[in-house]
Colleague: 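Dropping a structure here in structure tokens format, bear with me for questions.
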Amino acid sequence: MEIRPARTSDIKGIRALVDAYAPEGRLLTKETVTLYESVQEFVVAIDAGVVVGCGALHVLWEDLAEVRTVAVTEKMRGAGIGHQILEAIIARALVLGVKRLFCLTFETRFFTAHGFETIEGTPVDAAVYEQLLRSYDAGIAEFLDLESAKPNTLGNTRMLKILP
């Protein structure tokens, strides 16, 4: 098993993972062009040349980033691949200087095992909140807990991890 930064040639595998989990609402669907535009944010797990897992780190602010699109192919769930992907994302966040990681998830036990805690409200000051409101990114709306994000994210838990 290899965990590495994604390449453009991995997008078809990432697309397949998103397509496997999006219909049941476990992942938010993404346009293929969006996956290509954000390829540099992704980490993939490769087994025998095939993408079997993925996850992304999306910077939201100076000290804040979101963990996105963590998925492992159904037949390999429970083998620790998701943990390896999340550890790689956390390591990348530390290199970038991120101090807080946000996620929106149904998989609360998985993220709790990595130090994430459920949050209420928006853990940024008013000035940063005002700046974040100017973003078109759907992840920002989720982080800010805006009503406009709710139809797509109902039932998900908002979680945050403070990094050292």
Side-chain angles (χ1 to χ4, degrees), residues 3 5-6 14-15 17-31 34-35 37-45 51-74 76-125 128-129 131-133 135-164:
I3 306 294
I14 294 170
R15 164 93 276 146
L17 285 168
V18 170
D19 289 348
Y21 289 108
E24 57 194 58
R26 288 167 63 188
L27 278 182
L28 294 177
T29 192
K30 295 182 182 331
E31 297 295 333
T34 303
L35 295 174
E37 289 171 343
S38 59
V39 67
Q40 70 282 353
E41 298 179 356
F42 276 90
V43 172
V44 290
V51 174
V52 296
C54 66
L57 175 71
H58 182 77
V59 175
L60 301 176
W61 197 250
E62 177 183 7
D63 65 339
L64 177 67
E66 181 182 4
V67 175
R68 292 182 172 180
T69 320
V70 175
V72 174
T73 188
E74 195 66 46
M76 298 192 83
R77 286 190 67 175
I81 297 167
H83 292 284
Q84 291 178 60
I85 289 169
L86 186 55
E87 289 301 321
I89 290 170
I90 291 168
R92 178 71 177 139
L94 289 167
V95 167
L96 291 175
V98 170
K99 299 293 182 202
R100 298 178 298 159
L101 282 177
F102 167 75
C103 71
L104 185 71
T105 186
F106 289 110
E107 304 292 339
T108 56
R109 287 188 329 160
F110 172 78
F111 283 97
T112 298
H114 287 275
F116 284 76
E117 296 180 0
T118 301
I119 61 168
E120 300 292 331
T122 305
V124 293
D125 65 38
V128 172
Y129 185 91
Q131 289 294 317
L132 291 175
L133 280 176
S135 174
Y136 294 104
D137 187 273
I140 297 280
E142 295 160 357
F143 175 73
L144 296 177
D145 202 23
L146 300 179
E147 289 299 318
S148 62
K150 302 272 179 172
N152 296 324
T153 61
L154 285 176
N156 281 290
T157 299
R158 299 168 70 246
M159 301 184 81
L160 192 71
K161 175 182 176 78
I162 306 299
L163 300 177

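Position 1 is the first residue of the sequence; numbering continues from there. Keep in mind it's a predicted model, so treat the numbers as computed, not measured. When reading the values below, keep in mind they use all heavy atoms of this one structure, side chains included, and skip hydrogens, waters and symmetry mates.
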Colleague: Can you give me the closest heavy-atom contact between S38 and T34, atom names plus distance?
Modeller: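 Closest heavy-atom pair between S38 and T34: OG-O, 2.8 Å.
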
Colleague: Which heavy atom in V59 sits nearest to a heavy atom in A65, and how many Å separate them?
Modeller: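 Smallest interatomic distance, heavy atoms only, reads CA-CB, 3.9 Å.
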
Colleague: Any heavy-atom pair between the side chains of T69 and K30 that's under 4.5 Å?
Modeller: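 Yes - at least one pair of side-chain heavy atoms lies under 4.5 Å apart.
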
Colleague: Got a second to check how far L27's CG is from C54's SG, nearest 0.5 Å?
Modeller: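 Going from CG on L27 over to SG on C54, the span is 7.0 Å.
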
Colleague: Can you find a heavy atom in the side chain of T73 that is under 4.5 Å from one in the side chain of L17?
Modeller: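 They are in contact (side-chain heavy atoms under 4.5 Å apart), so the answer is yes.
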
Colleague: Looking at A71 and I85, what are the two nearest heavy atoms and their distance?
Modeller: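 Smallest heavy-atom distance, with atoms named: O-CD1, 4.3 Å.
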
Colleague: Can you tell me how far CG of L104 sits from CG of L28, rounded to the nearest 0.5 angstrom?
Modeller: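 If I round to the nearest 0.5 Å, the distance is 7.0 Å.
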
Colleague: Report, as yes or no, whether the 6.0 Å neighbourhood of atom CD on E31 holds more than 12 heavy atoms from other residues, nucleotides or ligands.
Modeller: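 Incorrect, the count does not exceed 12.
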
Colleague: Less than 4.5 Å apart, any side-chain heavy atom of E62 and any of K99?
Modeller: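 Not in contact.
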
Colleague: Grab the two heavy atoms, one from V44 and one from P5, that are nearest each other, plus how far apart they are.
Modeller: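 Taking every non-hydrogen atom into account, CG2-O, 4.3 Å.
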
Colleague: Say you draw a straight line from CD1 of I14 to CZ of F42; how long is it, rounded to the nearest 0.5 Å?
Modeller: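 CZ of F42 is found 5.0 Å from CD1 of I14.
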
Colleague: Decide yes or no for T112 and M159: does some side-chain heavy atom of the first lie under 4.5 Å from some side-chain heavy atom of the second?
Modeller: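 They are in contact (side-chain heavy atoms under 4.5 Å apart), so the answer is yes.
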
Colleague: Within the structure provided, determine whether L57 and L96 are in side-chain contact (heavy-atom separation under 4.5 Å).
Modeller: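 Yes, their side chains come closer than 4.5 Å.
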
Colleague: CZ/R100 to CG/L64 distance, rounded to the nearest 0.5 angstrom?
Modeller: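 If I round to the nearest 0.5 Å, the distance is 5.0 Å.
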
Colleague: Do T105 and F116 have side-chain heavy atoms sitting under 4.5 Å apart?
Modeller: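 No, too far: nothing below the 4.5 Å cut-off.
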
Colleague: I'd like to know whether CD of Q40 has more than 12 heavy-atom contacts from other residues, nucleotides or ligands below 6.0 angstrom.
Modeller: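 Yes - once you tally the heavy atoms of other residues, nucleotides and ligands closer than 6.0 Å, there are more than 12.
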
Colleague: Any side-chain heavy-atom pair from L163 and K161 closer than 4.5 angstrom?
Modeller: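 Yes, side chains in contact.
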
Colleague: Kindly indicate whether the side chain of F111, heavy atoms from C-beta on, has any atom under 4.5 Å from the side chain of T157.
Modeller: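 SC-SC contact between F111 and T157 ruled out.
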
Colleague: Before giving the answer on side-chain contact (heavy atoms from CB on, under 4.5 Å), spell out for L60 and H58 the whole-Å C-alpha distance, their side-chain angles and the decisive distance to 0.1 Å.
Modeller: CA-CA 6 Å; L60 301 176; H58 182 77; 3.6 Å; yes

Colleague: Identify the heavy atoms of V72 and G82 that sit nearest to each other, and give their distance.
Modeller: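 Closest heavy-atom pair between V72 and G82: CG2-N, 3.6 Å.
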
Colleague: Which heavy-atom pair separates I89 from A56 by the least distance, and what is that distance?
Modeller: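 So the minimum-distance heavy-atom pair works out to CD1-N, 3.6 Å.
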
Colleague: Look up atom CD1 in I3 and atom NE2 in H83, then write down how far apart they are to the nearest 0.5 Å.
Modeller: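 One finds 12.0 Å between CD1 of I3 and NE2 of H83.
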
Colleague: Is it true that atom CZ of R92 has more than 12 heavy atoms of other residues, nucleotides or ligands lying nearer than 6.0 Å?
Modeller: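 Open.
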
